[in-house]
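See below for the structure under consideration.
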There are 2 protein chains.
Amino acid sequence: MTQIDTKTRLLDAAECLFSQQGFAGTSMREITTVAKANLAAANYHFGCKEDLLSAVLERRLLPLNQARNARIEQVLTEAAEANMRPKTEDLLRAFIEPAMAFCNAGHNSNAFVAIIGRSLTAADPAVRDRFLDLVRPLLTTLHQALCLALPQLPRELVLTRLFFTIGALGHCLCFSSITPLCEPNSSDTHKHRETLTQDLITFVTSGLESPC
Amino acid sequence: MTQIDTKTRLLDAAECLFSQQGFAGTSMREITTVAKANLAAANYHFGCKEDLLSAVLERRLLPLNQARNARIEQVLTEAAEANMRPKTEDLLRAFIEPAMAFCNAGHNSNAFVAIIGRSLTAADPAVRDRFLDLVRPLLTTLHQALCLALPQLPRELVLTRLFFTIGALGHCLCFSSITPLCEPNSSDTHKHRETLTQDLITFVTSGLESPC
DNA sequence: GTCTATAGATAGATAGAC
DNA sequence: GTCTATCTATCTATAGAC
């Protein structure tokens, strides 16, 4: 059993509690209690509550979005090499699969996906803005790529449909944490999640490719 | 200028602030200040903060869901009379249109739709549970109706796709309040919202009707 | 880097006058 | 039904010892 340093324990606790109670609904004291750390230590490491939120978001979202970005670029490259247009489904899979797969990753990131799922439309502007800054480049990239895949559609319509896609994905991410789709200790949770991911990709691909 | 009673002013203020700051992020004092009422008056009328939330939800959601339910029943009746299956698009329109149209209704219900959009996946269990109790019957009705429209699909898949639909709708409802899709004082806000509504219906209809 | 102690503000709720 | 006043608890953040 390796020792985990205080800063990491604080991030873990904050991530877990923010996902279960929201940002405004969680106090620094709750976080430090769960982390078995001191209130002053939290402020020493992160300055204030809002900067702790930023740290929680950045820790997971930067690598996740880097992975999504790489997969989108890969789809674009392979399509270009074959002199084909990229496929809508491949692009959407590159965007969705890493996020959904995050639930199965080791860390308590099952909690984190709920934060992702809610952040874009969070009531608290602090949450929304700090999150949006971290995803805007990826969304711009994805939008442009989808326009290549769907040249017959107006760019604005592609953007609108991308927002619908994000809504459906976000909802999924929240629910897979709030209401486990099967028993938490069920052995086929992993399999169930893969099915859900494919169902979602099928759904949004049809929606995006719908005639104008 | 008609006098508005204290109870209504409190509901209006709470609705507005909850939609902008969330439930946990809004204090009773803020609400009473905006409502130009006294803190004690709020507790006299509603008992506690959570019951105020319930009152805010029920005031708009009960009539809205009644309207949606009536429209779903109408689609089913007309289909039955013609010995046809109901159309997926008609059912989805019956569910979505009243909610999106709510933005244009007189009251400050432009704020309320954001509450609806977020509630189902809200971090705060109090918000989620109180909301879910108010929409569960409608969702059950809609699910059954959609299964009639899509007999070739497994019922579980229809339910999964209905959740995606709710996610996309919720996202729309939040965004039409957070980030006005055009300038707030623009004369064609209303028209823009109608376009968005139709775009959403097209999107989710394609998604739901996608082959298995 | 982590602690104790506490400042200073604000929270939800209630008692009791009117 | 609405008010003033206040209780009690909790909050974020910081000062200063170690």
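The chains referred to below are lettered A, B, ... by the order of the sequence lines, with proteins before strands, and numbering in each begins at 1.
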- [ ] Could you tell me which residues satisfy ring-ring contact (aromatic ring centres under 6.0 Å, His included) with Phe95(A), sequence neighbours excluded, listed by chain and number?
- [x]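 ring-ring contact (aromatic ring centres under 6.0 Å, His included) list for Phe95(A), sorted by chain: empty.
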- [ ] Quick one: list whatever passes ring-ring contact (aromatic ring centres under 6.0 Å, His included) with Phe131(B), sequence neighbours left out.
- [x]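 If we apply the ring-ring contact (aromatic ring centres under 6.0 Å, His included) test to Phe131(B), skipping adjacent residues, there are no hits.
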Rounded interatomic separation in angstrom, taking [atom1] from [X] and [atom2] from [N]:
X	N	atom1	atom2	answer
Leu10(A)	dG1(C)	CG	P	13 Å
Asn38(B)	dG16(C)	CG	C1'	13 Å
Arg9(A)	dG1(C)	CZ	P	14 Å
Lys36(B)	dT2(D)	NZ	P	16 Å
Asn43(A)	dA7(C)	CG	P	17 Å
Phe46(A)	dA13(D)	CZ	P	13 Å
Lys7(A)	dC3(C)	NZ	P	16 Å
Leu39(A)	dG16(D)	CG	C1'	15 Å

Task: The single option from Leu57(B), Leu61(B), Leu134(B) passing side-chain contact (heavy atoms from CB on, under 4.5 Å) against Ile116(B) - done: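 Per the side-chain contact (heavy atoms from CB on, under 4.5 Å) rule, the option paired with Ile116(B) is Leu61(B), out of Leu57(B), Leu61(B), Leu134(B).
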TODO: Would you please name every residue forming a side-chain contact (heavy atoms from CB on, under 4.5 Å) with Pro86(A), sequence neighbours left out?
DONE: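 Here the qualifying residues are Val75(A), Leu76(A), Ala79(A), Leu91(A), Leu148(A), Ala149(A).
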TODO: Report yes if a side-chain nitrogen or oxygen of Thr6(A) is closer than 4.0 Å to either non-bridging phosphate oxygen (OP1 or OP2) of dT2(C); otherwise report no.
DONE: yes
Open item on the list: With a cut-off of less than 4.0 Å, is there a side-chain N or O of Tyr44(A) near OP1 or OP2 of dG1(C)?
Closed with: yes
Open item on the list: By the ring pair (Phe, Tyr, Trp, His ring centres under 6.0 Å) test, which pairs, at least two apart or in different chains, include something from residues 9-51 of chain A?
Closed with: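 Qualifying pairs: Phe18(A)-Phe23(A).
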- [ ] Counting heavy atoms from C-beta on, name the nucleotide in dC3(D), dG1(C), dT14(D) closest to the side chain of Ala40(B).
- [x] dC3(D)
TODO: Among dC3(D), dA15(D), dT2(D), find the nucleotide with the atom closest to the side chain of His45(B).
DONE: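 Given the options dC3(D), dA15(D), dT2(D), the side chain of His45(B) is closest to dT2(D).
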Open item on the list: Please determine whether the number of non-hydrogen atoms from other residues, nucleotides or ligands lying under 6.0 Å from atom CD of Gln66(A) exceeds 12.
Closed with: no
Open item on the list: Could you work out, with salt bridge (Lys or Arg N to Asp or Glu O under 4.0 Å) as the rule, every residue matching Asp133(B), not counting sequence neighbours?
Closed with: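 For Asp133(B), the residues satisfying salt bridge (Lys or Arg N to Asp or Glu O under 4.0 Å) (neighbours in sequence not counted) are Arg136(B).
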Using the 3.5 Å cut-off, write out each protein N or O paired with an N or O of nucleotides 8-11 of chain C and the distance between them.
from, atom 1, to, atom 2, distance (Å)
dA11(C), OP1, Ser27(B), OG, 3.0
dA11(C), N7, Arg29(B), NH1, 3.4

